[in-house]
Amino acid sequence: MTTHAPQAAQAVTLPTTLDEAVAALAAMPAAVPVAGGTDLMAAVNSGQLRPAALVGLGRISEIRGWQYQDGHALLGAGLTHARMGRPDFAALIPALAAAARAAGPPQIRNAGTLGGNIASASPTGDALPVLAALEATLIVAGPDGARREIPVSHLLAGMEMLRAGELIGYVRVPLLHAPQVFLKATGRTGPGRAMASVAVVLDPARRGVRCAVGAIAPMPLRPLEAEQWVAQLIDWDNSRAIVPEALNAFGEYVAAACIPDPAPAEDGSVTQHPPAVLHLRRTVAALARRALGRALS
């Protein structure tokens, strides 16, 4: 894991149940939970983190799979990206499977977990815009067997935070049985860190479109007005048809909502975004347009 960390962890606890892990964190407030360790070890190796103790989550089998519950999928926080990328999971939640397959090279996908992606809350986390578009919720485990639910978007926005001794146990995702698409653009070819990403999810039962844009802000952005606008232009009764001009306009609408024009100066003059920001805005527009087009095709 690392050969040059100047200070090793003083204690390592390996619980076998979620409640045991919560109890270990309560007993050692300075302990850091670790599953795949992809973000943790990067922080240790860079000198940003020196954990006094670790609570390993790798032996907790109950959070390494998924189950069905009242029209939802209950995903264990210990699911790896590699496991979510397999065909059986892709048939369940296609956009999340696509994000998992794009999460990085094999060593990252084999180790990194869904819960870790959420807890680290990196702006470039590939699963985050998908979970935001799906309006997923977290089931958080606390001391004495307590459980509470938090919308993923609330945690990422800092509206609700994990309390001392709490762990993300599960992610509840609605099963929409409808097309979903995840696309991302990177600064280089092949798997890499996202420059921008877009998730689009159709909700035919409500005749709705959900869209979330990742990597361009500290948390995924939901262009709600663009969602509502384009949903009214889709012929839900005729193979979800839409005119090409509406697709192009949707991409521009999403990009403008997420990267708005600069406010006019006090003297009334209008400034332009620098070229790099304009390029990012065009990228978001293209991703949104393509994602919706693929979802409707």
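At a threshold of 4.5 Å between non-hydrogen side-chain atoms, the residues Arg240 and Ser297 do not count as touching. Looking at heavy atoms from C-beta onward, Phe250 lies out of side-chain contact with Ile242 at the 4.5 angstrom threshold. Considering only heavy atoms from C-beta on, Val152 stays 4.5 Å or farther from Thr137 through its side chain. At least one side-chain heavy atom of Ile216 sits under 4.5 Å from a side-chain heavy atom of Leu280. Residues Met195 and Thr283 are in side-chain contact: their nearest non-hydrogen atoms beyond the backbone lie under 4.5 Å apart. Counting only heavy atoms from C-beta outward, the side chains of Leu79 and Thr113 never approach each other to under 4.5 Å. The shortest side-chain heavy-atom distance between Val213 and Pro129 does not fall under the 4.5 Å cut-off. At least one side-chain heavy atom of Pro220 sits less than 4.5 Å from a side-chain heavy atom of Leu156.
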Subject >> Stepwise salt bridge (Lys or Arg N to Asp or Glu O under 4.0 Å) test for Asp88 and Arg83 >> reply: CA-CA 9 Å; Asp88 58 341; Arg83 184 66 189 89; 2.7 Å; yes
Original post:
Step by step, would you call Leu175 with Tyr68 a side-chain contact (heavy atoms from CB on, under 4.5 Å)?
Top reply: CA-CA 9 Å; Leu175 295 176; Tyr68 302 101; 3.7 Å; yes
**OP:** Go through Trp66 and Phe89 one step at a time and tell me if the ring pair (Phe, Tyr, Trp, His ring centres under 6.0 Å) criterion holds.
**Re:** CA-CA 9 Å; Trp66 69 83; Phe89 190 93; 5.0 Å; yes
Original post:
Stepwise, does the side-chain contact (heavy atoms from CB on, under 4.5 Å) test hold for Leu74 with Ile139?
Top reply: CA-CA 9 Å; Leu74 197 62; Ile139 297 179; 3.4 Å; yes
Original post:
For Gln180 and Leu202, what are the C-alpha separation, side-chain angles and deciding distance, and is it a side-chain contact (heavy atoms from CB on, under 4.5 Å)?
Top reply: CA-CA 6 Å; Gln180 307 170 6; Leu202 300 187; over 6 Å; no
Subject >> Chi angles and distances behind the side-chain contact (heavy atoms from CB on, under 4.5 Å) call for Val173, Val171 >> reply: CA-CA 6 Å; Val173 177; Val171 183; 4.0 Å; yes
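Side-chain N or O atoms of His273 include none that pairs as donor or acceptor with a backbone N or O of Arg281 at under 3.5 Å. A donor-acceptor pair under 3.5 Å is formed between the side chain of Glu20 and the backbone N or O of Thr16. Side-chain atoms of Trp236 come within 3.5 Å of backbone N or O of Ala231 as a donor-acceptor pair. When atom types are taken as modelled, the side chain of Asn117 and the backbone of Ala127 share a donor-acceptor pair closer than 3.5 angstrom. Formation of a donor-acceptor pair under 3.5 Å by the His279 side chain with backbone atoms of Val277 is not found in this model. At distances below 3.5 Å, not a single donor-acceptor pair connects side-chain atoms of Glu252 with backbone N or O atoms of Ala249.
Counting heavy-atom neighbours within 6.0 Å of Glu149 CD, excluding the residue itself, gives a total above 12. The 12-atom threshold is exceeded at CZ of Arg147, counting heavy atoms of other residues, nucleotides or ligands nearer than 6.0 Å. No more than 12 heavy atoms of other residues, nucleotides or ligands sit less than 6.0 Å from atom CZ of Arg290.
Placement of Val32 and Val12 within a single hydrophobic cluster is found when ILVMFWY residues are connected by side-chain heavy-atom separations under 4.5 Å, directly or transitively. Hydrophobic cluster membership is shared by Val130 and Leu128, with clusters built from Ile, Leu, Val, Met, Phe, Trp and Tyr side chains linked at under 4.5 angstrom. Tracing side-chain contacts under 4.5 Å through hydrophobic residues (I, L, V, M, F, W, Y), one reaches Leu92 starting from Leu134; they form part of the same cluster. By the rule that hydrophobic residues join a cluster once side-chain heavy atoms approach within less than 4.5 Å of another member, Leu57 and Leu18 end up as members of one cluster. Cluster annotation: Val254 and Val209 are assigned to the same hydrophobic cluster (Ile/Leu/Val/Met/Phe/Trp/Tyr, side-chain heavy-atom contacts under 4.5 Å, transitive).
Residues Ala103 and Ile108 share a closest heavy-atom pair of O-CG2, 4.0 Å. Across all non-hydrogen atoms, the minimal contact from Pro33 to Leu167 is CB-CD2, 3.7 Å. Shortest non-hydrogen contact noted between Ala194 and Ala215 is O-CB, 3.7 Å. Contact detail for Leu287 and Ala185: the closest heavy-atom pair is CD1-N, 4.0 Å. The nearest pair of heavy atoms linking Ala295 to Pro179 is O-CB, 3.2 Å. The two residues Gly145 and Asp19 come nearest to each other via the heavy atoms CA-OD1, 3.9 Å.
Note that the OG atom of Ser153 and the CG atom of Leu221 stand 12.0 Å from one another [nearest 0.5 Å]. Remark: Arg86 CZ to Thr80 OG1 distance equals 7.0 Å, nearest 0.5 Å. A distance of 6.0 Å separates CG of Leu96 from CG of Leu114, quoted to the nearest 0.5 Å. Taking CG of Leu131 as the reference point, atom CZ of Arg172 lies at 14.0 Å (rounded to 0.5 Å). Taken from NE2 in His72 to CD in Gln67, the straight-line distance is 13.0 Å, to the nearest 0.5 Å. Here the CE atom belonging to Met84 is positioned 8.0 Å from the CG atom belonging to Leu75, to the nearest 0.5 angstrom.
A salt bridge is defined here as a Lys NZ or Arg NE, NH1 or NH2 lying under 4.0 Å from an Asp or Glu carboxylate O, and Glu227 with Arg210 fails to meet this definition. Using a 4.0 Å cut-off between a side-chain N of Lys or Arg and a carboxylate O of Asp or Glu, Arg109 and Asp126 do not qualify as a salt bridge. Salt-bridge check for Glu160 with Arg148: passed, with a basic side-chain N closer than 4.0 Å to an acidic carboxylate O. Checked for salt-bridge contact, Arg207 and Asp235 miss the test: no charged N lies under 4.0 Å from a carboxylate O. Taking a cutoff of 4.0 Å between a charged side-chain nitrogen and a carboxylate oxygen, Arg222 and Glu135 qualify as a salt bridge.
At a cut-off of 3.5 Å, with distance as the only test, a side-chain donor of Thr124 or Ser122 sits close to an acceptor on the other residue.
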